[in-house]
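So that the names make sense, note that chain A is the first sequence line, chain B the second, and so on, each numbered from 1. Atom set for the values below is all heavy atoms of this structure, side chains included, hydrogens, waters and symmetry mates excluded.
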Amino acid sequence: MRYWLMKSEPGDVSIDDLAGFKNQTVAWYGVRNYQARNFMRDQMQVGDGVLFYHSNCKEPGIAGIAQVSSSAYPDATQFNKKSKYFDEKATHETPRWFNVDVQLVKKISLISLDIMRRHPELENMRTLQRGNRLSITPVELSEWKFITTKLAGK
DNA sequence: GCCAACGTTGGC
DNA sequence: GCCAACGTTGGC
């Protein structure tokens, strides 16, 4: 059992979008970074905890708790010529990009980036490190516990 | 919209 | 295999 923070732009898929999807589940398509891909492909397991993070928006922060609900499988958008995620070097025989499914557990009142930065318990979080741009980062158990029990639901 | 930081690409 | 140029991310 591992824990992750996954960034989504709310203009693309927000926590409310996720809540409205069938089974409250979304395929985490569009990841085009090898490190983030490898996390999904090699390390994620069904049931892993996910902090659903709104990025590149007016109020960045953790918007909900979710979970990994499938193992990794090829990202369909890499084969779709009309998609901005199309990759001409990917084939069905040797796909390049993978995604997992992510299912909503519960929406929470936003834990803003500003709040996250104020808590020394979270100062080592990968996503808060200077220059970090990875859209998927591992979360330590202690960080997960602090966020889900101390910060969520206030 | 700016721009710092980082990842990827491609010529050599 | 180096590294400059370019593209992307994401907070502000």
Among the nucleotides [options], which one has an atom lying closest to any side-chain atom of [X]?
{"X": "A/R133", "options": "C/dT8, C/dC12, C/dG10", "result": "C/dT8"}
{"X": "A/S135", "options": "C/dG10, B/dG7, C/dG11", "result": "C/dG10"}
{"X": "A/Y34", "options": "B/dG7, B/dT8, C/dC12", "result": "B/dT8"}

Charged N to carboxylate O below 4.0 Å: is that the case for A/D87 and A/R96?
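A salt bridge links A/D87 with A/R96.
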Carboxylate-amine/guanidinium proximity below 4.0 Å for A/D16 and A/K107
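Salt bridge flag = yes for A/K107 with A/D16.
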Whole angstroms only, please: what is the [atom1]-[atom2] distance between [X] and [N]?
{"X": "A/R96", "N": "B/dG7", "atom1": "CZ", "atom2": "C1'", "value": "14 Å"}
{"X": "A/Y85", "N": "C/dT9", "atom1": "OH", "atom2": "C1'", "value": "12 Å"}
{"X": "A/E9", "N": "C/dT9", "atom1": "CD", "atom2": "C1'", "value": "8 Å"}
{"X": "A/D87", "N": "C/dG7", "atom1": "CG", "atom2": "C1'", "value": "15 Å"}
{"X": "A/L5", "N": "C/dG11", "atom1": "CG", "atom2": "C1'", "value": "15 Å"}
{"X": "A/R126", "N": "B/dC6", "atom1": "CZ", "atom2": "P", "value": "12 Å"}
{"X": "A/N33", "N": "B/dC6", "atom1": "CG", "atom2": "P", "value": "13 Å"}
{"X": "A/R37", "N": "B/dT8", "atom1": "CZ", "atom2": "C1'", "value": "14 Å"}

What pair of heavy atoms forms the shortest contact from [X] to [Y], and how long is it?
{"X": "A/F98", "Y": "A/P74", "value": "CD2-N, 3.7 Å"}
{"X": "A/R126", "Y": "A/F39", "value": "NH2-CZ, 4.3 Å"}
{"X": "A/W97", "Y": "A/N33", "value": "CZ3-N, 3.7 Å"}

Between A/K7 and C/dT9, is there a contact of a side-chain N or O with OP1 or OP2 at under 4.0 Å?
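It does not, given that no N or O in the side chain of A/K7 lies less than 4.0 Å from OP1 or OP2 of C/dT9.
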Looking at A/Y53, does any N or O in its side chain come under 4.0 Å of the phosphate oxygens OP1/OP2 on C/dT9?
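A/Y53 to C/dT9 OP1/OP2: no side-chain N or O under 4.0 Å.
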Select from A/K89 and A/Q35 the residue whose nearest nucleotide in DNA chain B is closer to the 5' end of that strand.
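Nearer the 5' end of the strand: A/Q35.
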